[in-house]
Engineer: 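Before I ask anything, here is the structure I am working with.
Each ligand, and each atom within it, is numbered from 1 in the order the structure gives.
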Amino acid sequence: MAIEQLLILIKPDGIKKSLTGNILTKLSEAKMIIIGAKVVKVSRELAEKHYFHLKDKPFFAELAEYIQGKIYGAPWDRVLALVYQGEDAIARMRKIAGATNPEEADPVSIRGAYGRITTKGIYENVVHCSSDPAEAEREIKLWFKPEEIVNKIYPTKKVKQENEETVWE
Ligand code: UDP
Ligand code: MG
């Protein structure tokens, strides 16, 4: 079996419901390693890029607002982004996360235990989990810079940056 990596997001509903610890505990049962982790305030651009495969769905605008945490506002308008690596990681983590629709998800999966469907019909399913290796690569490259991942997983190149950068005083 192949060593894979994938992106997992603890979505704003997971943050607001104080589920971060419970979700990490359930994920840790798979005995995989974390190779990247950070808190992200999701811009509209990032939200739309992340869910671009759903851009023609009637719920796209609400979905983009959901991942940005707009419905909750500060201080819940953020996600915890994680990159896990392990054997057969994608299928195994998808099983722990559960089916997309929280009502259909296995009740002991993360989405089955903690998800809900909003009155507007959005599946607030607490976590995002990449669904195949190509999607995982696209998502990891979208959410993380190479230096934020502690293992070398994809080829990199050096480029000269002229941009202004914020550093510690
Ligand atoms: N989603 C929704 N209604 C749907 C399908 C998807 O609200 O009918 C939301 C849900 O939050 C889901 C996300 O859109 O997690 C991305 O959908 P996808 O089909 O990629 O499911 P996932 O890979 O997250 O299981
Ligand atoms: Mg998906």
Side-chain angles (χ1 to χ4, degrees), residues 2 4-20 22-30 32 34-73 76-144 149 153-154:
E4 296 170 336
Q5 45 281 323
L6 77 156
L7 178 78
I8 294 202
L9 303 174
I10 299 184
K11 295 179 176 180
D13 51 324
I15 305 277
K16 177 153 195 196
K17 290 174 172 172
S18 206
L19 289 171
T20 304
N22 302 50
I23 290 168
L24 291 175
T25 299
K26 280 189 185 276
L27 295 172
S28 70
E29 285 162 16
M32 290 177 199
I34 296 172
I35 58 172
K38 63 177 176 179
V39 180
V40 183
K41 278 215 163 193
V42 182
S43 66
R44 185 170 161 184
E45 188 191 355
L46 177 58
E48 291 182 352
K49 279 186 180 164
H50 179 72
Y51 281 132
F52 95 108
H53 62 293
L54 297 170
K55 64 180 185 312
D56 298 327
K57 298 279 184 195
F59 56 83
F60 182 68
E62 270 148 14
L63 180 61
E65 292 202 344
Y66 163 40
I67 198 71
Q68 291 181 83
K70 286 220 164 160
I71 346 172
Y72 305 123
W76 317 111
D77 53 347
R78 60 210 61 204
V79 305
L80 180 59
L82 302 150
V83 180
Y84 279 87
Q85 185 178 58
E87 240 179 54
D88 204 15
I90 296 172
R92 287 172 59 213
M93 284 306 208
R94 290 282 298 185
K95 190 164 192 307
I96 294 171
T100 307
N101 180 340
E103 276 183 6
E104 288 168 4
D106 181 337
V108 303
S109 67
I110 293 168
R111 288 167 163 182
Y114 304 131
R116 66 163 188 157
I117 302 179
T118 66
T119 47
K120 285 186 173 171
I122 294 289
Y123 301 162
E124 278 194 352
N125 52 15
V126 185
V127 287
H128 167 79
C129 191
S130 309
S131 57
D132 61 69
E135 184 182 86
E137 179 173 346
R138 186 188 80 84
E139 292 177 349
I140 291 167
K141 288 178 174 175
L142 178 64
W143 287 80
F144 284 84
I149 304 288
I153 49 175
Y154 307 121

Engineer: For Thr118 and Glu124, which I'm curious about, is there any donor-acceptor pair between the side chains at under 3.5 Å?
Structural biologist: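 No pair is found: no donor N or O on one side chain lies under 3.5 Å from an acceptor on the other.
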Engineer: Report the nearest protein non-hydrogen atom to atom 14 (O) of ligand 1: residue, atom name, distance rounded to 0.1 Å.
Structural biologist: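 Its nearest protein heavy-atom neighbour is Leu63 CD1, 3.3 Å.
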Engineer: Going by atom types only, do Glu135 and His53 share a side-chain donor-acceptor pair under 3.5 Å?
Structural biologist: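 There is no such pair between these side chains.
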Engineer: Tell me, which protein residue and heavy-atom name are nearest atom 25 (O) of ligand 1, and how many Å apart are they?
Structural biologist: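 Looking only at protein heavy atoms, the one closest to atom 25 (O) of ligand 1 is Thr100 OG1, 2.5 Å.
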Engineer: Side chains of residues 58-69: which donor-acceptor partners sit under 3.5 Å, not counting sequence neighbours?
Structural biologist:
from: Tyr66; atom 1: OH; to: Asp13; atom 2: OD1; distance (Å): 2.8
from: Tyr66; atom 1: OH; to: Asp13; atom 2: OD2; distance (Å): 3.2
from: Tyr66; atom 1: OH; to: Asn125; atom 2: N; distance (Å): 3.1
from: Tyr66; atom 1: OH; to: Val126; atom 2: N; distance (Å): 3.4
from: Gln68; atom 1: OE1; to: Arg44; atom 2: N; distance (Å): 3.2
from: Gln68; atom 1: NE2; to: Ala64; atom 2: O; distance (Å): 3.2

Engineer: List every atom of ligand 1 that sits less than 4.0 Å from any heavy atom of Ile122, numbering the atoms from 1 in the order shown and giving each element.
Structural biologist: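 Those atoms are 7 (O).
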Engineer: Would you say Lys11 contacts ligand 1, with heavy atoms under 4.0 Å as the rule?
Structural biologist: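 Contact present.
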Engineer: Distance to 0.1 Å, residue and atom name: give those for the protein heavy atom nearest to atom 24 (O) of ligand 1.
Structural biologist: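 Of the protein heavy atoms, Arg111 NH2, 3.0 Å lies nearest.
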Engineer: For atom 3 (N) of ligand 1, which of the options Tyr66, Tyr51, Phe60, Tyr123 provides the nearest non-hydrogen atom?
Structural biologist: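 Answer by nearest heavy atom: Tyr123.
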Engineer: Which atom pairs, donor and acceptor, lie under 3.5 Å between side-chain atoms of residues 86-94 and protein residues at least two apart or in another chain?
Structural biologist:
from: Arg92; atom 1: NH1; to: Glu87; atom 2: O; distance (Å): 2.8
from: Arg92; atom 1: NH2; to: Ala30; atom 2: O; distance (Å): 2.7
from: Arg94; atom 1: NH1; to: Cys129; atom 2: O; distance (Å): 2.7

Engineer: Would you say Arg94 touches ligand 1, if touching means a heavy atom closer than 4.0 Å?
Structural biologist: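 A heavy atom of Arg94 does come that close to ligand 1.
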Engineer: Look at ligand 1 and say whether His53 reaches it with a heavy atom at a distance under 4.0 Å.
Structural biologist: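 Contact check His53 vs ligand 1: positive.
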Engineer: Which atom names give the shortest non-hydrogen contact between Phe144 and Leu82, and what distance separates them?
Structural biologist: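 Taking Phe144 first and Leu82 second, the nearest heavy atoms are CZ-N, 4.3 Å.
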Engineer: Around atom 17 (O) of ligand 1, find the nearest protein heavy atom and jot down its residue, atom name and distance.
Structural biologist: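 Checking every protein heavy atom, the shortest distance to atom 17 (O) of ligand 1 gives Leu54 CD1, 3.4 Å.
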Engineer: If you measure from atom 15 (O) of ligand 1 to every heavy atom of Val126, Ile117, Val127, Asn125, which option wins on shortest distance?
Structural biologist: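 Nearest option to atom 15 (O) of ligand 1, by heavy atoms: Asn125.
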